[in-house]
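All ligand and atom numbering here is 1-based and tracks the order in the structure. Keep in mind that what you see is a predicted model, and the values were worked out from it rather than measured.
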Amino acid sequence: MTQSILILNGPNLNLLGTRQPEVYGSTTLADIEALCREKAETLGVEIDFAQSNHEGEMIDMLHGARGVHVGVILNAGAYTHTSVALRDAISSIMLPVVELHLSNIHAREAFRHQSHIAPVAVGQICGFGAAGYPLAMDALLGAIGRAP
Ligand code: CA2
């Protein structure tokens, strides 16, 4: 059976490409989804590409990933810096999670330097804009032992 990856995007990422292009680029979330679908084809995997502005809904999606997806790529947006609940959800699902950010969160405001996700993620990719998504797909498959 074809392996599947959940690519989950958090709050405000639906607005990509409409505001703050100097920080997040001019690529829209639909462009990023297309990029991920192209990459998925070359890797021979399926993807479920999702976005939610709601913490509880993101937790439900993470819980639902068990037994369906082989791992998760998570851009949790600002919840990265605030949500112990998302961290606990990641710990509970026993699936590899790659933390992803468009911007380099370590080069920005101090409150963005802390991630509740990082300690329970297999790794973090940040600062490469939309190109980080296909990088994260390679990294996740590498982490589960399915090297490109
Ligand atoms: O760099 C990233 O990917 C972030 O996860 C994006 C979050 C931010 O809170 C994190 O610190 C880093 C914010 C996403 C907001 O996206 C917007 C898009 C267009 C206009 C305004 C916000």
Side-chain angles (χ1 to χ4, degrees), residues 4-43 45-66 68-144 148:
S4 175
I5 297 172
L6 173 63
I7 304 176
L8 179 56
N9 298 280
N12 299 307
L13 287 161
N14 55 311
L15 298 177
L16 277 181
T18 63
R19 278 164 245 163
Q20 290 186 259
E22 68 289 357
V23 183
Y24 299 116
S26 52
T27 314
T28 66
L29 198 60
D31 294 334
I32 292 177
E33 178 173 356
L35 192 65
C36 291
R37 293 206 175 278
E38 250 176 60
K39 179 72 177 179
E41 231 174 277
T42 68
L43 292 172
V45 293
E46 283 175 4
I47 59 165
D48 183 356
F49 192 93
Q51 188 273 333
S52 174
N53 291 321
H54 306 279
E55 189 177 15
E57 194 175 20
M58 291 177 70
I59 291 167
D60 287 343
M61 286 192 224
L62 288 170
H63 291 174
R66 276 201 79 178
V68 177
H69 301 291
V70 294
V72 181
I73 294 169
L74 177 64
N75 184 346
Y79 287 144
T80 304
H81 319 297
T82 62
S83 180
V84 176
L86 270 182
R87 175 196 162 126
D88 287 348
I90 293 165
S91 299
S92 75
I93 58 173
M94 309 287 287
L95 281 176
V97 174
V98 173
E99 177 182 356
L100 175 66
H101 301 283
L102 294 156
S103 62
N104 179 356
I105 56 172
H106 305 288
R108 300 183 63 194
E109 304 96 320
F111 68 85
R112 293 187 206 274
H113 299 176
Q114 194 206 356
S115 166
H116 287 295
I117 311 298
V120 290
V122 289
Q124 183 190 71
I125 293 174
C126 71
F128 297 101
Y133 281 76
L135 288 175
M137 292 169 75
D138 280 334
L140 180 62
L141 292 183
I144 64 165

query = Nearest protein heavy-atom contact for atom 16 (O) of ligand 1: which residue, which atom, what distance?
reply = N12 O, 3.6 Å
ask   = For S115, does its backbone N or O pair with a side-chain atom of H81 as donor and acceptor, under 3.5 Å?
value = no
ask   = Do ligand 1 and S103 have nitrogen or oxygen atoms that lie under 3.5 Å from each other?
value = yes
ask   = Can you list the ligand 1 atoms lying under 4.0 Å from a non-hydrogen atom of L102?
value = 1 (O), 2 (C), 3 (O)
note = re atom 13 (C) of ligand 1, the protein heavy-atom contact at minimum distance is Y24 OH, 3.3 Å
Residue part near ligand 1, for N75, under 4.0 Å between non-hydrogen atoms = side chain
query = Looking at ligand 1, does T80 have a heavy atom less than 4.0 Å from it?
reply = no
ask   = What atoms of ligand 1 come closer than 4.0 angstrom to any heavy atom of H81?
value = 10 (C), 11 (O)
key: Any donor-acceptor N/O pair, H116 side chain to V84 backbone, under 3.5 Å   = no
request  = Please identify which atoms of ligand 1 are closer than 4.0 Å to at least one heavy atom of A78.
outcome  = 9 (O)
inquiry  = I need the Y133 OH to L35 CG distance, nearest 0.5 Å.
reply    = 10.0 Å
task = Spell out, as yes or no, whether a donor-acceptor pair under 3.5 Å connects the side chain of E55 to the backbone of A85.
result = no
task = Could you tell me the separation between the CG atom of L13 and the CG atom of N53, rounded to the nearest 0.5 Å?
result = 8.5 Å
message = Nearest 0.5 Å, please: how far is CZ in R19 from OG in S26?
response = 15.0 Å
ask   = Which heavy atom of the protein is the closest neighbour of atom 4 (C) of ligand 1, given with residue, atom name and distance?
value = H101 ND1, 3.7 Å
task = Heavy-atom contacts with L13 under 4.0 Å: which atoms of ligand 1 show up? List them by number with element.
result = 14 (C)
Q20 neighbourhood, listing ligand 1 atoms whose heavy-atom distance to it stays under 4.0 Å = 21 (C), 22 (C)
request  = Report the nearest protein non-hydrogen atom to atom 8 (C) of ligand 1: residue, atom name, distance rounded to 0.1 Å.
outcome  = R112 NH1, 3.3 Å
message = Looking at K39, is its backbone amide N or carbonyl O close enough to the side chain of T42 to form a donor-acceptor pair, meaning the two atoms are under 3.5 Å apart?
response = yes
key: Check: N75 main-chain N/O paired with N9 side-chain donor or acceptor under 3.5 Å   = no
